[in-house]
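Reading through the structure tokens given below for one structure.
Below, chain A is the first sequence line, B the second, and so on; all start at residue 1.
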Amino acid sequence: MHLTNSVGGKKEQFIPVNPGHVGMYVCGPTVYNDVHLGNCRTFLTFDIVARYFRYLGYKVRYVRNITDVGHLENDADEGEDKIAKKARLEQLEPMEIVKHYTEGFHHVMRQFNILPPSIEPSATGHIVEQIEITKKLIDNGLAYETNGSVYFDVLRYNKDHHYGILSGRVVEELMESGRKLDSQDEKRNKVDFALWKRASPYHIMRWPSPWGDGFPGWHIECTVMSTKYLGEEFDIHGGGMDLKFPHHECEIAQAVGANGKDPVRYWLHSNMLTVNGQKMSKSLGNSFLPHELFSGNHPLLEKGFSAMTVRFFMLQSHYSSTLDFSSEALHAAEKGFKKLSNSLGIIKKLTYSGKGEGKTQVNEEFSRLVFELHTNMSDDFNTAKTLAVLFEMSSRINDLKSGNISMTDVSEEKFNIFKGSYVKMMEDVLGLREEAEHNHELLKGVVNVLIELRKKAREQRNYALSDTIRDDLKKLGVQLKDGKDGEMTFSVE
RNA sequence: GGUCUCGUGGCCGAGCGGCUAGGCAGAGCUCUGCAAAAGCUUGUACAGCGGUUCGAAUCCGCUCGAGACCUCCA
């Protein structure tokens, strides 16, 4: 297994801290708003990572947090907490905001078949630990209190450590660029960041601390929750590209400053989803909400697309590349996914009916495809290449069904490995399941009655009637397909 | 302005120095009463200009273009 480590940007072999185990932490959403498709891409990326490691037999502990306090509107000292602001605007309790958007987030994750993490801790549930680590950083001389707030001393840290190891930022350059520190500022240097913020008298979200009432800073929650559940050194830390700096850089500094060791072995960053080449983001106002996509209720879409189509669409590119989102690309994905999905339905029903050892050439091809499936996934989770192999396998599945390849051409062992790999790769690893409609018993029954009637009509060469049945069903979105041997199947669009 | 990334055929997108990625769309054919599905065949490509190399989409330099981060964002 190889993966690209954002520190250094090189592909490295994966060696777990504890053999057979994978500890992974991913920065979850700040629940003050609906999650959009760009957010979903990141969570999908790490869903694949967790699924594939499990498939390989690792015991995976996947921690993904919910940020429900501390995320400020901007890094300036007067920045307002996102949750608190929303609560004020909507005249709700912060917890009402948090609950509402957390549930919405979970709902969307289920729609995309993104599995829940092993632990989903929240920042407000770890205030005590955040205060503790802040105290520790002060004791270590890496943080200071001003006016009831506590800041991390980046310059001091940078003397003995490397602030910028992940993002490539140079502290001196950061000091020179951008906004100047004014006399109002509580920070010693502009590069310093908040560990704890004093709450103004009207601030609703507040907890007592050694420095008075306040609330934690944004970066400290992740340091606390990752190391609490995964240990001071764990395997993988993931998140969106845009969190690399400052968020993840600060996490490293905090953990190193408090515990004296580098917390993360491999940093993984998923790239942005773009619209017309521009990053999809809440602030740019070009974001797509999942329900807009499913319903097609969006100016840039002519129709809706299923969650599985979108999942497939995203998996066609590598997680580290930007992916451009467009109606056209989605149409193509819809058709492509249907192909794989059809084959999935076929292979699941297919049992070995041949005998003997089969033909060497066919056996070798089946083995090669299975092998490539795994080498591609093990090469930095290359889902795009994996899908290309699945398409090849899909063709072989159709060959088996139509008789282009006979069951006796392949050995029972090769067939079963081939079948198992296709099904597991599709369903367990890539999380692509057949669209549900096929499984609706009532619909199935009703359509089968019509299929029987149509068969009779065709036997009597009453093509006018048989075409009416087919055309009328088509209008309702049910597509009939005539097989070679007179057998008929249908699919729902 | 600083740091960095990317630019592949009609569209989306793999690619990490030599071997047709793949999907969608297009063209032709097979099967079929007609469709659909499936199968077979097929074209069009690496932004531009230099360099390194026996050999470059792939490495280096420059030019042009797009984007990201440096302020909140997955």
Checklist entry - Rounding to the closest angstrom, what is the interatomic distance between B/G2 and B/G23 at atom C1'? => result 40 Å
Checklist entry - Taking atom types as they are modelled, is there a donor-acceptor pair under 3.5 Å from the base of B/G33 to the side chain of A/Asp467? => result yes
Checklist entry - Taking atom C1' in both B/C54 and B/C59, what distance in whole Å separates the two? => result 16 Å
Item to check | Atom P, compared across B/G9 and B/U5: separation rounded to whole Å | outcome: 22 Å
Next on the checklist: Between B/U20 and B/G61, how many Å separate the two P atoms, rounded to a whole number?
Outcome noted: 30 Å
Checklist entry - According to the Watson-Crick and G-U wobble definitions, with both distances under 3.5 Å, which nucleotide is paired to B/U52? => result none
Checklist entry - Base, sugar-phosphate, or nothing for A/Leu390, non-hydrogen atoms under 4.0 angstrom? => result nothing
Checklist entry - Does A/Asn271 use its side chain to pair, donor to acceptor, with the backbone of A/Leu323 at less than 3.5 Å? => result no
Checklist entry - Using a cut-off of 4.0 Å on non-hydrogen atoms, how would the nucleic acid contact of A/Asn271 be classed: base, sugar-phosphate, or nothing? => result base
Next on the checklist: Need one value for A/Lys401: base, sugar-phosphate or nothing, where a base atom within 4.0 Å counts as base even if backbone is also close, heavy atoms only.
Outcome noted: nothing
Checklist entry - A/Gly168 or A/Arg454: which one's nearest nucleotide on RNA chain B is closer to the 5' end? => result A/Gly168
Checklist entry - Is it true that a side-chain atom of A/Asp68 and a backbone atom of A/Thr124 form a donor plus acceptor pair closer than 3.5 Å? => result yes
Checklist entry - Quick one: does A/Asn189's side chain have a donor or acceptor within less than 3.5 Å of a partner on A/Val191's backbone? => result no
Show the distances under 3.5 angstrom between N or O atoms of the protein and N or O atoms of nucleotides 14-22 of chain B.
unit_1	atom_1	unit_2	atom_2	d
B/A14	OP1	A/His318	N	2.9
B/A14	OP1	A/Ser321	OG	3.1
B/A14	O3'	A/Asn382	ND2	3.4
B/G15	OP1	A/Asn382	ND2	2.9

Checklist entry - Is it the case that A/Arg169 places NZ or CZ above or below the six-membered ring of A/Tyr163, under 6.0 angstrom from the centre and within 45 degrees of the axis? => result no
Item to check | Under-4.0 Å side-chain N/O to phosphate OP1/OP2 contact, A/Lys279 with B/C69 | outcome: yes
Checklist entry - Mind checking whether A/Phe337 and A/Phe312 have parallel, tilted or perpendicular rings, split at 30° and 60°? => result tilted
Next on the checklist: Regarding A/Tyr463, tell me which of base, sugar-phosphate or nothing describes its non-hydrogen contacts under 4.0 Å with the strands shown.
Outcome noted: base
Next on the checklist: What contact category does A/Gly277 fall into here, base, sugar-phosphate, or nothing, at under 4.0 angstrom with non-hydrogen atoms?
Outcome noted: sugar-phosphate
Checklist entry - Regarding A/Lys303 and the six-membered ring of A/Phe305, is the cationic atom NZ or CZ under 6.0 Å from the ring centre and inside 45° of its axis? => result yes
Checklist entry - Expressed in whole Å, how much space separates the P atoms belonging to B/G67 and B/C12? => result 15 Å
Checklist entry - With rounding to whole Å, what would you report as the distance between B/G43 and B/G10 at their C1' atoms? => result 12 Å
Checklist entry - Does any donor-acceptor pair link the side chain of A/Asn404 with the base of B/C40 at a separation under 3.5 Å? => result no
Checklist outcome for this item: Note: A/His318 and A/Arg41 closest approach over all heavy atoms is O-NH2, 3.0 Å
Next on the checklist: Does B/C24 have OP1 or OP2 under 4.0 Å away from a side-chain N or O of A/Lys339?
Outcome noted: yes
Checklist entry - Within the pair A/Lys282 and B/A74, is there a side-chain N or O less than 4.0 Å away from OP1 or OP2? => result yes
Next on the checklist: Can you check the distance between B/A45 and B/A21, where both ends of the measurement are the C1' atom (answer in whole Å)?
Outcome noted: 13 Å
Checklist entry - Do you know which of A/Gln254, A/His248, A/Glu251, A/His247 makes side-chain hydrogen bond (donor to acceptor under 3.5 Å, both in side chains) with A/His219? => result A/His247
Next on the checklist: If I pick the C1' atom on B/G18 and the same atom on B/U30, what distance separates them, to the nearest angstrom?
Outcome noted: 37 Å
Checklist entry - Is B/C16 paired to anything, Watson-Crick or G-U wobble with both distances less than 3.5 Å, and if yes, which nucleotide? => result none
Checklist outcome for this item: Partner of B/G33 under the Watson-Crick or G-U wobble criteria, both distances under 3.5 Å, comes out as none
Next on the checklist: Is there a side-chain contact between A/Ser466 and the phosphate of B/G33, meaning an N or O under 4.0 Å from OP1 or OP2?
Outcome noted: no
Checklist entry - Using a cut-off of 4.0 Å on non-hydrogen atoms, how would the nucleic acid contact of A/Leu323 be classed: base, sugar-phosphate, or nothing? => result sugar-phosphate
Checklist outcome for this item: Re B/U44: Watson-Crick or G-U wobble partner, both distances kept under 3.5 Å, found to be none
Checklist entry - Is the shortest side-chain N/O distance from A/Asn39 to OP1 or OP2 of B/A74 below 4.0 Å? => result yes
Next on the checklist: Any base atoms under 4.0 Å from A/Arg461, or only sugar-phosphate, or nothing? Heavy atoms, all strands.
Outcome noted: nothing
Item to check | Short side-chain N/O contact from A/Lys474 to OP1 or OP2 of B/A35, under 4.0 Å | outcome: no
Next on the checklist: What I'd like to find out is whether the side chain of A/Asp482 reaches to under 4.5 Å of the side chain of A/Arg470, using heavy atoms alone.
Outcome noted: yes
Checklist entry - Does B/C69 have a Watson-Crick or wobble mate here (both distances under 3.5 Å), and if so which one? => result B/G2
